[in-house]
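Chain naming here is simple, since letters A, B, ... match the order of the sequence lines and numbering starts at 1 in each.
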Amino acid sequence: MQLIIEAIGFGIATGAVIALGAVGFSVQFGISNILNITYGALMTLSAYIGLVLINHGINAWAALAISAVAVGAVSVIYHRILLAPLVRRGTRAIAMIIVTVSAGTILQYVIVAIAGPSSQSYGEQSGQTFHFLDLTLSFGQVTIIVLTAILMLALHLLLTRTTLGKAMRATSSNRTLARSCGIATSRISDIAWFISGCLCGAAGVALAITTVSFDFSLGALFLIPMIAAAVLGGIGQPYGAMLGGMIIGISSEVAAAVSNPNYKDVVAFVILIIVLLVRPRGLFGAAWSSRRLMEG
Amino acid sequence: MGSQRTWRVAALVGATALVAACGSSSPSSSSSVPTQSGNITAGVIAPFTGPAAQFGKLLSAPCFAATDLINKAGGILGKTISCSAIDDTGDPADAVPNVTRAIATTTNLDIAVGLESNTAATTVPLVNDAKIPIVTTNGLVAFTKNSYPYYWRLTPSDDANGAAFAVWAVQKGFKNVAVVFQNGIGSEGNLPGLTSAMPKLGGSLGLQLTIPADAASYSSEVARVINAHPDALIWSADPQTTATFMSEYKQLNNGSIPPMVTATDSLTPDFFGALKRVVGVTYVTQDVYLVGSSFSQTTAAFNTYKTALQNDSRTSAIADVLSAVGPPASAYDGINIMALAMVMAKSTVGSYYNQFVTKIISPKPGAVVVSNFADGVAALKAGKQIQYVGVIGPVVFNQYHNSAGEFAANIFNPDGSASRVGSISGTQVLGLL
């Protein structure tokens with residue numbers, strides 16, 4: 001029992017990182033309807049930007065913030081230069097996916113060419129641990145949980161309490177209608193890509209802090225759990241992605257605690273499939289859509 | 001109509017005959033010894049990208065060293081030999097197309113080196129079918145008995161390595177050990193030897209875990225290991241997985257990590273660097289034991305090998321670490337043995353010179369013992385019999401073309417090089433299996 005309680009704590013920590021990335025992915029998809037597979041490589045890029053900053057003496061958490069903003073900017077440029085023109089030309093969804101896969105592969109190999117294939121690390125972590133009830137979490141894990149909670153709350157407030165958030169939701173819901181209502185959808189799209197890029201960047205550095213050691217495949221390895229979390233919650237639904245991330249994180253850690261750790265990811269994906277069989281639009285799919293329409 | 005068909009058949013037969021005659025190998029006019037035009041390529045089949053990319057570097061280095069010395073000695077039958085990297089990525093799914101393409105497109109691919117454990121099960125049959133003699137560093141138990149005539153292994157199998165881990169752990173007083181292996185055919189091959197040997201030595205395996213590679217977190221797995229209170233960890237995982245696991249172990253166990261016994265496969269700059277960065281140099285240099293096949297570092301053959309590594313700009317940076325590791329040394333010896341077999345056979349064609357391999361290493365009355373290619377060629381030219389005894393010492397192939405040797409335990413030095421801290425009898429190890 002003790003192991004299971006501990007595993008739930010570890011699962012929240014892992015789930016926080018997955019949720020961070022999944023929410024950004026989901027926001028991106030919600031606003032532009034593009035399944036951006038380059039997201040994984042952008043997370044890797046962020047981890048390496050963080051490495052350069054840390055190697056120059058910058059604190060890891062400051063490096064996380066700077067890398068997040070940098071990847072946010074890169075995401076906007078990437079969307080503006082490559083994806084938006086393809087969408088305007090009527091490129092089909094499957095072709096867009098292939099384009100993002102290709103761009104991600106190119107970016108990954110550019111990173112290898114510059115940084116090399118060897119594993120990297122931000123260095124030895126603080127040995128400080130926190131004990132709460134029967135949970136033991138490291139300083140890094142607690143910080144990432146808190147950071148994720150703050151970012152998720154900020155995103156929630158942005159989406160529900162600000163004009164910008166309403167405009168984002170309106171654009172996400174019906175782009176043409178939003179434009180005819182006077183919303184500058186192109187600018188809103190840029191802002192959404194910047195925010196989601198920032199979340200992607202934050203997730204990249206958070207992941208590098210969590211794994212301690214990483215290489216150029218970092219983002220690609222964790223893209224699948226993140227997409228799974230987004231789909232589990234209902235693709236395009238930020239709250240769903242948060243919940244999906246937590247479910248995948250906790251289920252995989254509990255599985256590792258009570259069974260063969262090799263099956264930790266399998267358990268998470270079995271849950272994903274079962275949920276989708278019961279609720280094809282994901283946990284938040286239908287409910288959120290209705291609420292969003294009402295609020296819009 | 002019938003006449004046209006006859007002509008087509010005749011043309012096809014003629015063309016086939018012409019292609020056969022122009023092929024890369026053909027019987028010479030004076031004997032049945034097949035010959036080949038052009039220089040020789042030794043293909044290093046190993047991961048050059050991906051998490052195990054370090055293996056590519058480690059296995060290319062002995063190839064560079066051996067081929068440098070062979071070429072300086074005049075080459076093989078007047079031909080130069082070079083190394084070609086064939087990236088198997090460490091993943092069988094990539095290895096099959098990559099190796100198949102390399103076999104089809106590489107000119108005079110006459111020796112295959114490497115074929116490590118992650119991919120050997122798929123690459124060995126491909127290379128064997130192409131009749132290319134193989135110097136493999138894989139440790140798979142599945143090859144302990146095999147029927148591949150072109151397969152030659154100069155390193156011990158993984159189960160023997162597993163038993164050697166047990167011997168060293170008990171020798172150090174670690175009676176209760178936890179086994180943590182990354183999933184993968186290579187590391188899990190150690191398990192049968194370990195589980196067989198540990199009880200016979202009076203020790204016990206408290207916990208056995210296989211973990212997936214490169215996970216976001218191993219906290220739950222670490223908690224399970226901590227609960228087992230092991231004296232030491234018997235460990236096998238790639239550098240990245242090791243760093244993540246050990247960092248979490250240290251954090252969740254109040255800064256303390258038990259000693260680790262792992263394979264000399266981990267005696268790499270990448271492993272040393274990754275672990276040092278996350279748990280500190282003291283642990284890495286004092287509590288990490290690297291057990292694997294052993295050889296003397298005071299022989300003439302070793303000095304020649306190490307000097308060759310130091311003199312080549314591609315390998316000089318890792319010469320000190322590399323020269324102490326068994327698999328690369330066996331690859332170096334393997335290339336020399338194949339090169340001498342070519343000289344003895346007077347042919348560089350794999351399907352022909354392969355039968356001469358055992359003649360190069362077997363002890364014979366009156367044979368000249370040689371420790372490098374140049375001396376071997378000189379003796380052969382003088383009409384003498386030879387026995388090659390290289391860096392890893394005498395090689396004795398059994399009927400399955402496997403040769404094991406002695407074992408040793410090493411530790412890392414602060415600069416990442418290695419020092420031997422003890423030896424383990426090969427006879428004792430084999431007796432525990």
Side-chain angles (χ1 to χ4, degrees), chain A residues 2-11 13-15 17-18 109 112 116-129 136-141 206-207 209-218 220-222 225 248-249 252-266, chain B residues 47-54 56-57 89 180-184 188 208-227 238-256 268-271 273-281 283:
Chain A
Q2 166 72 23
L3 270 179
I4 294 174
I5 293 169
E6 281 183 341
I8 290 170
F10 301 142
T14 306
V17 181
I18 295 173
Y109 278 88
V112 177
S118 298
S119 60
Q120 306 287 346
S121 173
Y122 291 168
E124 206 169 334
Q125 293 208 345
S126 148
Q128 197 178 351
T129 51
T136 302
L137 292 173
S138 69
F139 175 76
Q141 287 173 321
L207 198 50
I209 290 171
T210 304
T211 60
V212 184
S213 185
F214 64 94
D215 67 8
F216 63 92
S217 64
L218 177 81
L221 283 171
F222 295 100
I248 287 186
S252 60
E253 287 296 335
V254 171
V258 299
S259 66
N260 186 335
N262 281 317
Y263 302 134
K264 61 196 278 184
D265 290 337
V266 175
Chain B
F48 287 89
T49 56
Q54 196 75 14
K57 278 187 200 169
T89 76
V180 184
F181 285 165
Q182 179 183 316
N183 62 6
E188 288 179 26
Q208 296 176 41
L209 273 187
T210 50
I211 58 172
D214 303 333
S217 166
Y218 294 103
S219 296
S220 295
E221 293 90 332
V222 166
R224 287 174 72 176
V225 178
I226 290 171
N227 277 357
D238 67 47
Q240 196 169 315
T241 301
T242 304
T244 304
F245 191 100
M246 290 302 166
S247 173
E248 290 185 339
Y249 203 116
K250 188 176 179 185
Q251 288 178 69
L252 296 174
N253 199 36
N254 301 317
S256 165
T268 67
D270 214 20
F271 188 90
L275 197 52
K276 187 184 81 170
R277 279 193 293 267
V278 300
V279 297
V281 71
Y283 175 79

Self-check item: Option that, when pairs with chain A are counted at under 4.5 Å, heavy atom only, ranks first among B/A243, B/S217, B/P269
Solution: B/S217

Contact part of [X] toward chain B, heavy-atom cut-off under 4.5 Å: side chain, backbone, both or neither?
X	result
A/E253	both
A/S121	both
A/F216	side chain

Self-check item: Exercise: identify the closest heavy-atom pair between A/T210 and B/A216
Solution: CG2-O, 3.3 Å

Would you indicate whether the side-chain heavy atoms of [Y] and [X] approach each other to under 4.5 Å?
X	Y	result
A/K264	B/S220	no
A/N260	B/T210	yes
B/Q251	A/Q141	no

Exercise. Among the options A/V17, A/N262, A/D265, A/V254, pick out the one with the most heavy-atom pairs lying under 4.5 Å from chain B.
Key: A/N262

Exercise. Output all residues satisfying side-chain hydrogen bond (donor to acceptor under 3.5 Å, both in side chains) with B/K57, sequence neighbours left out; order by chain, then residue number.
Key: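 None.
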
Quiz item: What pairs with A/D215 under side-chain hydrogen bond (donor to acceptor under 3.5 Å, both in side chains), at least two apart in sequence or on another chain?
Solution: A/S217

Exercise. Please state whether the side chain, the backbone, both or neither of B/A215 comes within less than 4.5 Å of a heavy atom of chain A.
Key: both

Practice problem: Measure B/N227 against the heavy atoms of chain A and call it side chain, backbone, both or neither at under 4.5 Å. | Solution: side chain

Exercise. Would you confirm whether B/R224, through its side chain, and A/L3, through its main-chain N or O, come within 3.5 Å as a donor-acceptor pair?
Key: no

